[in-house]
Structure formats: C-alpha cells, structure tokens
Amino acid sequence: MNLKGFYSHVHLPSEAELAQSAYERDISYRDYCKELAENREKRREYRLVLKDLKYIGMLTNYWDSDNQVFVELGRKLPSGVIAPIRALSEEEIDDAFSIVQHHEEREPFDLANRLLYAMIQTQDRIGITDTVIPNSLDLVSSLNDLYFSRSNTNTVVTRNGQARGVISNILPYQIASGIVSNPDFKQRVEARLEGFDILQMFNYFYDAKDHPFPIQSIQQCERYVPERSSRAVTAHFTEKNGKRLLELMNSVRDYANHICEDENFIDSVKEQQFVSWVSPIHHVSMIYACSLMGEEEVEPLFSMSMNQLENHTKEIRRKNVKSYKKFRKK
C-alpha cells in the first residue's frame with residue numbers, strides 16, 4: 001500500500017496510553033512497544049482505511065481469530081439474496097483507498113437535484129402529493145444499500161418529466177435498478193462515494209426547518225444541522241413514512257409555483273438577506289418550474305449554471321405563462 005503522506009490522519013496512542021495498555025495486558029512496557037512495532041504498518045493501514053472508507057466497509061474481528069480484517073458489507077443481489085460479508089484483499093483495500101483519496105466529485109448539487117426531481121415527478125405522475133410512496137423512500141435508501149428495499153420492482157421512476165433519464169446518470173441508481181447488473185468492487189466503491197455525496201447534500205442543504213423554503217447556504221445550515229453518517233441521513237429522511245421527504249418535495253412544489261405565478265420571484269429571492277440564492281433547492285425548483293410550464297427537455301438544465309438557468313426559466317415563463325395552469329400540480 002502506498003500510504004506515504006497519509007499518516008497524519010492516524011491517531012497514535014500517547015506514551016501514557018501505551019503504558020496503561022501494557023499494564024492491562026500484564027506485560028512490560030518495552031515488550032508491548034516491541035509487539036506494536038512488529039505490526040505497526042498493518043495497524044496503521046487499517047486505521048487509515050477505517051477512517052476514509054467508513055461508509056464502504058468496516059474493521060472487524062473474524063469469529064475464530066483475534067486478527068482484525070477490513071470487510072465489505074453484504075449487499076442485496078438482484079435475486080434478493082444478501083451477499084455474505086467478506087474480507088477485502090490487500091489489492092482491493094489499496095484500490096478503494098486510492099479511489100477515495102483521488103475521488104473527483106461530480107457536482108453534488110447536480111446529483112442531489114436529479115434524485116429530488118425524479119422523486120417529485122414520479123409522485124406527480126402517480127397523482128400522490130400528500131404522502132411519500134415507497135418508490136421515493138427506495139430511491140434514498142438505495143444510495144446506501146445499492147438495492148431497493150421496499151418496492152418489488154427494479155424501476156422506481158417514471159418517464160414523465162424525463163425523471164427516468166435524469167436519474168439514470170446516478171451510479172447508485174444504476175446499480176440498484178440493474179442498469180449495471182454485476183458491478184465490480186471499484187464500481188461499488190464509486191457508487192457508495194456518490195451516494196455519500198448526495199446524502200450529505202440532503203443533510204446540509206435540504207434540512208432547513210426554520211424558514212419558508214429550505215434554501216440556506218452550507219454555512220447557515222451547519223449552525224444547526226448535525227453531522228450525520230450516511231445511514232443516519234437516510235433514516236432521517238425516510239423515517240415516519242418519509243415525513244421529511246414530503247416536506248422537502250412540497251417545498252420545491254411551492255417554490256416552483258411561486259416562480260410560475262410571480263415574474264419577480266426569482267429576483268426577490270436573491271434580495272433576501274437570509275437566503276443563499278445559489279443553493280441547490282433554488283436550482284431544482286427552477287427546473288421543476290420549467291417542467292410545469294411546458295419545458296419538455298429538462299436534462300440539459302441540470303448542467304446549466306445558476307445564472308443560465310435563471311435566464312432560461314424567465315424565458316420559459318415569458319413564453320408559456322398563459323398555459324401554466326395546464327401544467328400545475330394536481
């Protein structure tokens with residue numbers, strides 16, 4: 001393993017901690033330090049991997065041994081069988097560590113907004129806006145688990161509003177839906193990284209409960225949104241039958257309707273002191289508003305800059321505002 005330069009991430013015990021550990025094991029301090037030295041590189045590697053891959057696997061003990069190994073968590077296979085927990089080879093650990101350290105993030109706004117847009121369009125298509133359907137809960141859960149835990153189907157988004165095409169660019173969904181049927185280890189690592197990014201976006205940007213629209217900047221959100229693991233974020237948005245997801249989707253719907261109804265709404269949002277107008281929900285609400293006003297090609301909108309999307313939304317409104325009622329949410 002090429003771990004040069006990464007040792008700073010490791011918390012090494014102090015001399016006092018080492019002495020206490022030697023005392024508890026009833027061996028001399030010198031013998032204990034010698035024992036640690038013999039396994040130092042191995043232990044350092046595991047500590048490093050554990051820190052950076054905590055959402056990919058875990059450090060554990062084999063049931064019949066005191067040896068610690070890094071394992072990939074089991075995942076559900078297309079047949080519904082849970083893959084067994086297995087120890088990763090040194091080569092796989094090295095690959096995963098390299099992927100994490102050199103992960104080139106796609107724009108998290110893009111990924112998170114694709115997921116949110118697909119959920120809203122699917123719910124609208126089915127005609128359910130007062131509760132969260134299992135498909136939407138599955139989409140969030142699949143970011144962690146890479147499979148659909150509630151719906152008995154591999155396709156959980158509709159073609160309406162290009163929802164299926166929009167979300168098909170998200171790797172965790174590709175794996176969960178079977179678009180990528182036999183993902184290799186590197187793809188699973190990438191998918192979990194991607195899912196982790198999206199869930200952190202949900203955690204920081206989509207959890208503002210104290211304002212009319214959850215559109216705060218990350219600096220504002222961090223004041224009161226706690227740091228959560230990916231599983232904690234998933235639970236937060238899916239618990240109580242997805243109550244928080246419903247609040248979020250309805251916020252986007254309301255925001256988009258304001259855009260459609262008031263030609264000055266976008267500009268007024270930017271003038272409000274407490275709002276970061278560059279936040280992701282501002283972006284996805286404009287895309288959803290465009291779809292309400294008759295825009296059929298939403299895919300290119302996700303890659304637009306905020307200013308480009310604002311100008312495009314205003315233009316769509318100018319052209320289609322008279323037919324807006326035809327496209328309003330039911």
Side-chain angles (χ1 to χ4, degrees), residues 1-75 82-103 105 143-146 185-186 188-197 199-204 207 218-219 221-236 239:
M1 253 185 175
N2 181 15
L3 299 176
K4 185 178 181 181
F6 296 118
Y7 286 165
S8 60
H9 292 287
V10 180
H11 169 71
L12 296 176
S14 65
E15 288 189 10
E17 291 172 326
L18 288 173
Q20 179 63 29
S21 296
Y23 173 78
E24 291 173 353
R25 296 188 58 180
D26 195 26
I27 60 176
S28 70
Y29 176 77
R30 177 174 295 181
D31 288 343
Y32 184 59
C33 289
K34 181 180 179 181
E35 180 181 317
L36 290 181
E38 293 174 351
N39 299 295
R40 183 174 55 186
E41 291 306 313
K42 194 73 171 179
R43 291 176 181 270
R44 280 184 173 179
E45 288 176 4
Y46 277 141
R47 277 196 291 267
L48 283 167
V49 172
L50 178 63
K51 179 177 180 61
D52 290 302
L53 303 186
K54 58 187 176 183
Y55 41 89
I56 294 172
M58 62 181 293
L59 189 67
T60 187
N61 292 327
Y62 264 156
W63 66 273
D64 60 348
S65 171
D66 291 332
N67 295 326
Q68 288 184 312
V69 295
F70 197 80
V71 301
E72 181 184 11
L73 299 179
R75 65 184 187 89
I82 300 295
I85 293 177
R86 66 183 187 86
L88 300 180
S89 67
E90 289 191 11
E91 181 180 359
E92 287 176 322
I93 294 175
D94 193 43
D95 287 342
F97 188 70
S98 178
I99 291 171
V100 171
Q101 293 296 329
H102 301 97
H103 179 54
E105 294 185 11
L143 299 175
N144 250 326
D145 304 324
L146 306 185
F185 175 69
K186 291 183 179 180
R188 294 195 297 273
V189 171
E190 288 285 4
R192 289 178 176 129
L193 284 170
E194 194 169 289
F196 181 79
D197 289 341
L199 287 168
Q200 290 309 306
M201 292 295 296
F202 268 64
N203 187 42
Y204 285 123
D207 198 25
I218 191 168
Q219 289 78 14
C221 283
E222 283 182 330
R223 296 175 190 169
Y224 57 89
V225 176
E227 181 72 35
R228 299 185 181 104
S229 69
S230 57
R231 292 197 175 276
V233 177
T234 300
H236 178 63
E239 66 185 357

For this session: Could you tell me which non-hydrogen atom of V233 sits nearest to which non-hydrogen atom of L199, and how far apart they are?
Result: CG1-O, 3.3 Å
Problem set entry | S28: side chain to side chain contact (heavy atoms under 4.5 Å, CB included) partners, not counting sequence neighbours | R30, D31
Problem set entry | Atom pair CD (E190) and CZ (F185), whose distance is rounded to the nearest 0.5 Å | 11.0 Å
For this session: Can you sort out the partners of E239 under side-chain hydrogen bond (donor to acceptor under 3.5 Å, both in side chains), two or more places apart, ordered by chain and number?
Result: none
For this session: With sequence neighbours excluded, tell me which residues meet side chain to side chain contact (heavy atoms under 4.5 Å, CB included) with Y29.
Result: E15, L18, A19, C33
For this session: List for me each residue that meets side chain to side chain contact (heavy atoms under 4.5 Å, CB included) alongside A232, sequence neighbours excluded, and say none if there are none.
Result: R228, S229
Problem set entry | Steps toward side chain to side chain contact (heavy atoms under 4.5 Å, CB included) verdict (L143, T234) | CA-CA 8 Å; L143 299 175; T234 300; 5.7 Å; no
For this session: For E92, enumerate each residue passing the salt bridge (Lys or Arg N to Asp or Glu O under 4.0 Å) test, keeping only those at least two apart in sequence or located in another chain.
Result: R86
Seminar exercise, completed: Sorted by chain and residue number, the side chain to side chain contact (heavy atoms under 4.5 Å, CB included) partners of E91 (sequence neighbours excluded) come out as S89, D95
Exercise. What's the shortest heavy-atom distance between N144 and R192, and which atoms?
Worked result: O-NE, 4.4 Å
